[in-house]
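I have placed the structure first, in the form of C-alpha cells, so that the comments after it can refer back to it.
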Amino acid sequence: MERIILHLDMDYFFAQIEERENPQFKGKPIVVGADPKEGKGRGVVSTASYSARKYGIHSALPISKAYELCPNAIFLPVNMELYQKVSENIMEIVKKYSPKWETVSLDEAYLDVSFLKGYKGTKRGATSFPRKGEEGGGGVGVLAEKLKKEILEKEKLTCTVGIGPNKLIAKMAAEKAKPRSELCSTTGAKPNGLLIIKPNQVEKFLEPLDIEDLPGIGPKTAEKLRIIRINKIKELKKLSKAKLKDIFGVVGETIYERARGIDEEEVIPEEIIKSIGKEHTFERDTRDPEIIFKTFDEIIEEIGRGLSSANFSFKTITVICRFSGFETHTKSKTEPRPLKMGGAKVKMRMKSSLPTLKNPTQDFEILKSESKKLLLKFLIENPKPIRLIGLRVRIC
DNA sequence: AAGTTCTTATTAC
DNA sequence: CTAACGGTAATAAGAACTT
C-alpha cells in the first residue's frame with residue numbers, strides 16, 4: 001500500500017520565535033543559546049537566524065566561536081517554556097490534518113495523509129501525489145500549502161514541508177527544500193519551502209546527494225565511507241548489503257535500505273520514554289567537593305521530580321563524568337530482575353546490584369545513596385579536574 | 001552456553 | 001595553540017560478568 005508522508009520542519013525555530021516576539025530584531029543576526037560571556041562561554045548555539053548564519057554561525061557551534069564570528073549579534077538565552085508553548089500550538093494545528101501524526105521534537109512533526117480522501121479544498125482528495133502539470137499544486141500539495149498558511153496566520157511563523165512515500169524521503173525533502181545555511185543571501189530570508197518527491201522521483205532525488213544527507217550517517221560513518229571513495233549516495237549503492245553489514249552491523253543494513261529510499265517506519269503517535277537524565281557542565285573544571293556534590297544533589301532532586309511525575313521507579317542508575325580534556329566515562333548499577341526460579345528458596349542478592357525498589361520514598365533514598373556512591377568512585381579513581389557530571393535513570 | 005550488566009560509540013535535535 | 005564543544009535521549013556492539 002503506497003503511503004503519502006509529510007514532514008513539517010519549522011524554520012530556524014527558536015530564533016524565529018524570538019524574532020516574532022521582538023519585531024525590532026527582524027533581519028538582525030539572532031543567536032539563541034548559551035551565554036557567550038564575552039567569548040568565554042562554554043555552551044553551544046541552539047539556533048541561529050539566517051542573518052546570523054551568514055557569519056558562519058549554526059546550531060551546535062560553540063558559543064565562544066559564535067561570539068568571535070559576530071560579537072554584535074543578538075545573543076539570547078533559551079526560553080524553553082515559550083518554545084514549548086508555541087510548539088504545542090503548532091501541534092494542535094498539525095493534528096487537524098490527519099489522525100496519524102507524530103511529534104519528533106519541538107519543531108518537527110510527521111503526518112501520514114495516505115488515507116485522507118476528499119480533503120476540503122482539494123478536488124479529488126489529498127490522497128494523491130501531484131499529477132503531470134500540477135507540481136506543487138494538486139493533491140497533497142494543496143493540503144501542505146493550507147497547513148503552512150494556517151501556521152503562518154495563527155502563529156506568525158514560517159515552516160518547510162517535505163513530502164514523500166515514507167518518513168525518510170519526507171524528511172530529506174524538507175531538508176533539501178530548506179537551504180541549510182547562507183544560501184539565502186537576502187537579509188532575513190526565510191526558507192519557507194515545500195518539496196514533493198513522488199515515488200518515481202525517489203532515485204533521482206537521492207543519488208546526487210551526499211552520504212551525510214542520509215539520516216543515520218553522521219560524521220564518523222561518513223568519514224569511514226569517504227576513505228573508500230564513497231561520497232555520494234549513488235556510490236553508496238554500489239556496496240552490497242552484506243558488505244555494509246560487515247562494516248557497520250545492523251546500522252549498515254539500514255543504510256543499505258535508506259540509500260534506496262526504502263523506509264517502512266510508521267508514523268506513530270507517541271514514543272514511550274525509556275530513560276530520563278540530567279547533566280551539568282561547570283563554568284570551569286573543578287575538583288571542589290562542595291561544588292561537585294551540591295550540583296549533584298540538585299541533579300538528583302531534579303531527576304526525583306521527573307520520576308515522581310512519571311510513576312517513580314527505575315531499573316538502572318548511570319552516572320556520567322566528564323573530566324578535563326573532554327574525557328567522558330560512565331558508571332552504572334542495575335536492579336536485579338525478579339529472580340524467577342524453579343521453586344528453590346530466594347537467592348542472596350549480589351553485592352553489586354541495587355537494592356530492590358519498593359515505593360517512591362525508598363526509591364528516592366536509594367537513588368541518592370547509590371548515585372553518590374558511583375560519583376565517589378569517579379573521584380577516587382581519577383584525579384583530573386571535572387568538567388561535567390550527570391545522572392540518568394532507566395525507567396521501569 | 002546463555003542471559004545480564006557495564007561501558008563506550010554514534011546519531012539526532 | 002587548532003580548538004572552540006550543551007543537554008537530552010535512543011540504540012548498537014562488545015566485553016565482562018552471572019547463572
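A note on names: the letters A, B, ... follow the listed sequences, proteins ahead of strands, and every chain is numbered from 1.
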In the structure I gave you, are the side-chain heavy atoms of [X] and [Y] within less than 4.5 Å of one another anywhere?
X	Y	value
A/S275	A/F314	no
A/S87	A/D107	no
A/E145	A/K148	yes
A/I30	A/V32	yes

[X] has a side chain; which of [options] sits nearest to it?
X	options	value
A/P215	B/dC13, B/dA12, C/dC5	B/dA12
A/K171	C/dG6, B/dC13, B/dT7	B/dC13
A/T334	B/dT5, B/dT10, B/dT8	B/dT5
A/V44	C/dC5, B/dT11, B/dT7	C/dC5

Could you state the atom-to-atom distance from [atom1] of [X] to [atom2] of [N] in whole Å?
X	N	atom1	atom2	answer
A/L214	B/dA12	CG	P	9 Å
A/K220	C/dC5	NZ	C1'	13 Å
A/F326	B/dT8	CZ	P	15 Å
A/K333	C/dC17	NZ	P	15 Å
A/K224	B/dT10	NZ	C1'	8 Å
A/R322	B/dT8	CZ	C1'	13 Å
A/E283	C/dG6	CD	P	13 Å
A/R284	C/dC5	CZ	P	14 Å

### Message
Quick check with a 6.0 Å cut-off and a 45 degree axis cone: is A/R284 positioned over the face of A/F282's six-membered ring?
### Response
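The answer is no; the distance or angle limit is not met.
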### Cation-pi geometry met for A/K331 and A/F378 (6.0 Å, 45°)
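Yes, A/K331 sits over the ring of A/F378.
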Pairs: protein N or O with nucleotides 8-12 of chain C N or O, under 3.5 Å:
residue : atom : partner : partner atom : Å
C/dT8   : OP1  : A/K278  : NZ           : 2.8
C/dT8   : OP2  : A/E279  : N            : 2.5
C/dA9   : OP2  : A/G277  : N            : 2.5
C/dA9   : OP2  : A/G277  : O            : 3.2
C/dA9   : OP2  : A/R392  : NH1          : 3.4
C/dA9   : OP2  : A/R392  : NH2          : 3.3
C/dA10  : OP1  : A/K274  : N            : 2.9
C/dA10  : OP2  : A/S275  : N            : 3.1
C/dA10  : OP2  : A/S275  : OG           : 2.7
C/dT11  : OP1  : A/K274  : NZ           : 3.3
C/dT11  : OP2  : A/K274  : NZ           : 3.1

### Query
Given A/K167 and A/E265, is the salt bridge (Lys or Arg N to Asp or Glu O under 4.0 Å) satisfied, shown in steps?
CA-CA 7 Å; A/K167 285 167 85 170; A/E265 286 300 303; 5.1 Å; no
### Query
In the hydrophobic cluster built from side-chain contacts under 4.5 Å, what are the other members alongside A/F326?
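Result for A/F326 is none, singleton.
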### Task
Could you work out the separation of B/dC13 and C/dA4 based on their P atoms and round it to a whole Å?
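Those two atoms are separated by 25 Å.
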### P gap between B/dA12 and C/dC5, integer Å
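My reading of the P atoms in B/dA12 and C/dC5 gives 23 Å.
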### Message
Any side-chain to backbone donor/acceptor pair from A/E153 onto A/E150? Under 3.5 Å, distance only.
### Response
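No.
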#### Entry: Contact list for DNA chain C against residues 64-82 of chain A - heavy-atom distance below 4.0 Å
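Result for residues 64-82 of chain A: A/S64, A/K65, sorted by number.
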With heavy atoms under 4.0 Å as the rule, sort [X] into base, sugar-phosphate or nothing.
X	value
A/L106	nothing
A/T221	sugar-phosphate
A/L388	sugar-phosphate
A/T281	sugar-phosphate

### Query
Just by distance, with hydrogens left out, do A/S324 and A/D285 show a side-chain donor and acceptor under 3.5 Å apart?
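Yes - a donor-acceptor pair under 3.5 Å links their side chains.
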